[in-house]
Protein chains: 2
Amino acid sequence: MSETPADTPKRQRAPSKRALQTKARVLDAAETVFSIKGFDGATIRDIAAEAGEPVGTIHHHGGGKERLYHQAVARRAGPLAERRLAALAAVKAAGDVTIERVLTAFCSPFFDLAQEDPVWRCYARLVAQVSADSRWREIRAAHFDPAFEVFLEELSALLPDVPRRHIVATFVFSVSALLALLTSRDRIGEFEAGDIQDTEDLRSLIRFCAGGMAAG
Amino acid sequence: MSETPADTPKRQRAPSKRALQTKARVLDAAETVFSIKGFDGATIRDIAAEAGEPVGTIHHHGGGKERLYHQAVARRAGPLAERRLAALAAVKAAGDVTIERVLTAFCSPFFDLAQEDPVWRCYARLVAQVSADSRWREIRAAHFDPAFEVFLEELSALLPDVPRRHIVATFVFSVSALLALLTSRDRIGEFEAGDIQDTEDLRSLIRFCAGGMAAG
DNA sequence: GTCTATATGTAGATAGAC
DNA sequence: GTCTATCTACATATAGAC
């Protein structure tokens with residue numbers, strides 16, 4: 001197939017550089033506001049204020065509140081899945097595949113990104129919302145489940161004698177624990193204050209999930 | 001202090017039996033609607049429709065949307081904590097205190113209630129919302145944290161050589177896993193369909209959490 | 001593409017009849 | 001205590017000027 005304009009008949013010109021920057025600002029603002037206030041609690045006006053743009057611009061680039069939410073979730077889902085699968089591939093290439101290493105490949109990328117850039121901590125809250133609300137099941141199925149399946153297969157191969165339902169259950173528990181860690185920087189600190197040694201918490205998470213899975 | 005009317009100067013009469021039934025219906029409806037649509041997604045009109053009462057009645061008994069939410073969460077928090085603490089006391093009375101038994105005392109009551117009566121499954125979704133949103137931190141602190149502290153002390157005593165931060169982290173992970181199990185009857189089923197053997201899932205949860213905690 | 005003004009619906013809350 | 005009618009505010013969305 002050639003790259004003639006016929007491939008994208010609806011869009012007559014490529015968006016200008018200026019327009020792309022505006023759209024990125026809109027999505028950044030949507031991500032921030034949605035992650036803090038949730039889909040129903042957030043308003044287009046909140047997002048407009050956060051982006052420093054007029055209300056109409058949010059609609060122009062977002063295409064309505066629900067489409068905007070979808071786009072904000074979808075934007076980082078692909079890169080996240082790629083990182084996870086790359087980490088898993090690295091573990092398999094190294095040869096010594098263990099439950100702990102597979103779970104590390106799953107958890108570390110998101111954790112590292114959240115450490116490097118706060119926008120990923122924001123995104124983690126968004127993912128937690130999508131994970132918790134049955135209303136967004138289609139988004140989950142489209143953007144997150146494929147990678148989950150790959151990891152489930154890997155874990156099943158490592159635990160051939162464990163019933164699949166137990167593996168699935170413990171993997172769901174592990175995902176919820178990861179999201180709990182990423183979204184509640186202060187939830188652990190509510191009970192035990194102290195220096196924020198998040199890296200130590202990641203090691204707690206991996207040991208917890210790997211130990212729990214192996215206990216089956 | 002005596003039980004003179006001076007103790008409750010604002011309320012001149014005890015509410016009638018009819019009024020108490022109405023209030024219970026209002027709280028039941030609020031619990032259902034809030035648990036499905038969340039605080040922001042739910043409307044007073046939704047709750048009125050669910051209760052079969054006019055809109056004004058919801059305000060009269062609820063005292064505004066936010067107070068109504070608080071009441072719905074608070075209503076079952078006490079009984080739940082009592083069940084958990086009673087189960088813990090039973091374990092201690094039996095003499096053989098283990099991590100697995102302590103976690104069972106924490107998880108089983110909520111799970112059993114959810115099995116017996118669907119309203120507790122509804123309530124679990126409400127608790128998950130309260131647990132996930134920093135907006136409701138005060139509700140958590142008032143209604144859930146006291147029992148958490150008791151269980152944390154018990155676990156700390158069982159694991160004297162483990163840093164407290166690790167114990168707190170793994171307990172937070174365990175709570176999130178319990179809520180994931182209670183709120184997502186279909187989340188596990190999304191990957192592995194089959195007979196709904198929830199009791200088997202509870203055993204998975206306990207083994208997972210106990211194994212993960214002991215792995216530290 | 002960007003921004004203003006506005007149309008239309010519905011939210012939470014309340015005053016007052018019954 | 002219960003229910004109706006209504007007030008005020010703000011939501012999403014869009015039409016059209018620039």
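What you see below is based on every heavy atom in this structure, not just the backbone, and it leaves out hydrogens, waters and symmetry mates.
Between the CD1 atom of I44(B) and the P atom of dG12(C) there is a distance of 5 Å, rounded to whole Å. Counting to the nearest Å, the P atom of dA11(D) and the NZ atom of K37(A) are 9 Å from each other. The distance from atom CG of D40(B) to atom P of dT10(C) is 18 Å, rounded to the nearest whole Å.
Between D145(B) and R140(B) there is no salt bridge, since no side-chain nitrogen of the basic residue lies less than 4.0 Å from a carboxylate oxygen of the acidic one. For the pair R164(B) and E153(B), the salt-bridge criterion is met [side-chain N within less than 4.0 Å of a carboxylate O]. By the 4.0 Å N-to-carboxylate-O rule, D133(A) lies too far from R125(B) to be salt-bridged with it. Between D198(A) and R203(A), no side-chain nitrogen of the basic residue sits less than 4.0 Å from a carboxylate oxygen of the acidic one, so the salt-bridge criterion is not met. By the 4.0 Å N-to-carboxylate-O rule, D28(A) lies too far from K23(A) to be salt-bridged with it.
Applying the salt bridge (Lys or Arg N to Asp or Glu O under 4.0 Å) criterion to E82(B), with sequence neighbours excluded, gives no partner residue. Considering only residues two or more places apart in sequence or on other chains, E149(A) meets the side-chain hydrogen bond (donor to acceptor under 3.5 Å, both in side chains) condition with none of them.
Between the side chains of E31(A) and Y69(A), no donor-acceptor pair is found at a separation under 3.5 Å. Neither side chain, S204(A) nor D201(A), offers a donor N or O lying under 3.5 Å from an acceptor on the other.
Pairs passing the side-chain hydrogen bond (donor to acceptor under 3.5 Å, both in side chains) check and including a residue from residues 49-59 of chain B, sequence neighbours excluded, read R25(B)-E53(B).
Within a heavy-atom distance below 4.0 Å of DNA chain C, the residues of residues 46-74 of chain B found are H59(B), G64(B), K65(B). Using a 4.0 Å cutoff on non-hydrogen atoms, the parts of residues 17-30 of chain A near DNA chain C are R18(A), A19(A), T22(A), ordered by number.
Closest approach to the P15(A) side chain among dG1(C), dG1(D), dG12(C) is made by dG1(C) (side chain taken as heavy atoms from C-beta onward).
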What does the list of N/O pairs under 3.5 Å between the protein and nucleotides 16-18 of chain D look like, with a distance for each?
none

